[in-house]
Number of protein chains: 2
Amino acid sequence: MTKQAGALTLTDLTAGTPCCPPLARQRVPAETAALLAPAFKALGDPVRLQLMSMIASAPGGEACVCDLTPAFELSGPTISHHLKTLREAGLVDAERRGTWVYYRARPGLLRQLATLLTMDTPAET
Amino acid sequence: MTKQAGALTLTDLTAGTPCCPPLARQRVPAETAALLAPAFKALGDPVRLQLMSMIASAPGGEACVCDLTPAFELSGPTISHHLKTLREAGLVDAERRGTWVYYRARPGLLRQLATLLTMDTPAET
DNA sequence: CGTCTAGGTTGACAGTTGTCGAAACAGTGT
DNA sequence: ACACTGTTTCGACAACTGTCAACCTAGACG
């Protein structure tokens with residue numbers, strides 16, 4: 001499949017390929033919305049939002065599942081499920097090193113989302 | 001109920017009360033997550049993301065439902081339901097003027113979300 | 001008043017999501 | 001090989017979500 005102009009993929013977004021001017025500057029096309037909405041959806045759960053924050057703010061930029069799980073009153077499988085959701089949304093990456101699995105934030109997509117929500121468009125002359 | 005220190009409400013957030021340093025800078029507390037996650041959740045649907053954009057980018061800063069509805073292949077009640085979700089998340093405001101209802105973006109909460117997602121960590125490998 | 005139009009609300013339905021316990025998988029160490 | 005620990009997958013279930021058809025409300029206009 002050859003790359004088509006204008007047809008962005010999740011891979012492009014996590015890689016940081018520019019795609020999205022702020023929400024308020026121009027109307028988000030349906031394709032873009034379909035691509036970005038899942039990322040917002042993934043952040044739309046309090047547990048996942050905290051997980052995302054714990055991972056992104058962890059020293060060294062990565063967090064061990066063994067440190068994440070005990071921070072919630074939830075079962076291991078449930079935390080694992082939420083982490084999978086974040087992974088599939090392209091927001092984090094997982095890597096196994098020996099016994100433990102480490103999660104790391106993917107800044108590319110997060111930056112896209114932040115840009116999209118930017119409201120400082122008072123009057124772009 | 002008297003106002004407690006540190007207990008933020010949705011009203012505070014839409015008003016733009018500062019609350020949230022970037023996700024990656026410090027761990028988001030459970031209370032904050034519970035307060036902000038619904039906003040992300042509201043944006044986590046392609047239709048609502050487009051609606052939000054159409055409203056925020058509309059000339060004059062407001063959009064009439066009569067202009068929003070025909071932009072989708074969805075029934076009126078469905079669009080109305082999505083708009084209600086955005087309203088309850090604190091992302092938009094509605095105002096009836098005569099026959100028509102106009103929606104307007106509430107920049108306060110959007111700015112909070114954008115700040116939260118900001119990644120000022122230049123490390124990208 | 002009556003009627004028309006623009007939106008919102010209600011009720012119902014299929015599909016999805018959050019959660020857990022049980023089981024499976026991956027690595028370490030004995 | 002075996003047992004032990006950490007993590008993910010599977011199967012199940014209640015709760016929630018997106019959608020529509022039907023109905024209701026608000027305002028405009030005779």
Side-chain angles (χ1 to χ4, degrees), chain A residues 28 30 33-55 58 62-104, chain B residues 28 30 33-55 58 60 62-105:
Chain A
V28 173
L35 220 51
L36 291 180
F40 284 120
K41 194 176 191 177
L43 294 175
D45 178 282
V47 173
R48 287 195 294 266
L49 195 52
Q50 290 178 80
L51 283 171
M52 188 70 222
S53 175
M54 292 174 73
I55 294 167
E62 63 183 12
C64 174
V65 176
C66 60
D67 290 329
L68 298 174
T69 305
F72 302 87
E73 306 215 331
L74 292 172
S75 69
T78 299
I79 297 297
S80 184
H81 161 69
H82 284 306
L83 289 171
K84 182 179 184 181
T85 302
L86 289 174
R87 240 185 298 135
E88 290 176 344
L91 291 166
V92 299
D93 245 351
E95 182 194 355
R96 170 157 228 142
R97 283 207 299 279
T99 306
W100 295 281
V101 175
Y102 294 88
Y103 278 78
R104 178 177 288 276
Chain B
V28 173
L35 220 52
L36 291 180
F40 284 120
K41 193 174 190 176
L43 294 174
D45 179 281
V47 173
R48 288 195 294 264
L49 194 53
Q50 289 178 79
L51 282 171
M52 188 69 222
S53 176
M54 292 174 73
I55 294 167
E62 63 184 12
C64 173
V65 176
C66 61
D67 290 329
L68 298 174
T69 304
F72 303 87
E73 306 216 331
L74 292 172
S75 68
T78 298
I79 297 297
S80 185
H81 162 68
H82 283 307
L83 288 172
K84 183 180 184 180
T85 302
L86 289 174
R87 239 186 298 132
E88 290 176 342
L91 290 165
V92 299
D93 245 350
E95 182 195 355
R96 169 158 229 142
R97 281 208 300 278
T99 307
W100 294 281
V101 176
Y102 294 88
Y103 277 77
R104 179 176 289 275

Asker: Could you tell me how far apart A:F40 (CZ) and D:dT17 (C1') are, to the nearest whole angstrom?
Answerer: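 Distance check: A:F40 CZ to D:dT17 C1' gives 19 Å.
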
Asker: Quick check: closest heavy atoms across A:R87 and A:S80, and the distance to 0.1 Å?
Answerer: NH2-O, 4.4 Å

Asker: Verify the contact: side-chain N or O of A:Y103 to OP1 or OP2 of D:dT8, cut-off strictly under 4.0 Å; return yes or no.
Answerer: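 Result: yes.
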
Asker: What closest approach, in Å, do A:M52 and A:L86 show between heavy atoms, and which atom pair accounts for it?
Answerer: N-CD1, 4.2 Å

Asker: Just wondering, do A:H82 and A:F72 contact through their side chains at under 4.5 Å, heavy atoms?
Answerer: no

Asker: I need the CG-C1' distance between A:D45 and C:dT16, as an integer number of Å.
Answerer: 14 Å

Asker: Taking atom C1' of D:dT19 as reference, at what distance in whole Å does atom CZ of B:R48 sit?
Answerer: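 Result: 12 Å.
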
Asker: Please give me every residue in residues 78-90 of chain B whose heavy atoms get under 4.0 Å of an atom in DNA chain D, ordered by residue number.
Answerer: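 B:T78, B:H81, B:H82 - these, ordered by number, are the residues of the stretch whose heavy atoms sit under 4.0 Å from the strand.
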
Asker: Could you pull out the closest heavy-atom pair between A:V101 and A:A94, with the gap in Å?
Answerer: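 Looking at all heavy atoms of both residues, the shortest contact is CG1-CB, 4.2 Å.
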
Asker: Could you tell me which non-hydrogen atom of A:R48 sits nearest to which non-hydrogen atom of A:A42, and how far apart they are?
Answerer: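 Scanning both residues, the minimum pair turns out to be NE-O, 2.6 Å.
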
Asker: Would you mind reporting whether A:I55 and A:L68 have side-chain heavy atoms less than 4.5 Å apart?
Answerer: yes

Asker: Distance check needed: D:dT17 P versus B:L43 CG, whole Å only.
Answerer: 15 Å

Asker: Under 4.0 Å from any atom of DNA chain C, heavy atoms only: list the residues of residues 91-101 of chain A that qualify, in numerical order.
Answerer: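 Close to the strand are A:R96, A:G98, A:T99.
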
Asker: Check whether any side-chain N or O of A:K41 sits under 4.0 Å from OP1 or OP2 of D:dT17, and answer yes or no.
Answerer: no

Asker: If you look at every heavy atom in B:V47 and B:D45, which pair is closest and at what distance?
Answerer: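 Between these two residues, the closest heavy atoms are N-OD1, 2.8 Å.
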
Asker: Where is the tightest heavy-atom contact between B:V65 and B:L83, given as atom of each residue plus distance?
Answerer: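 Looks like CG2-CD1, 4.0 Å.
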
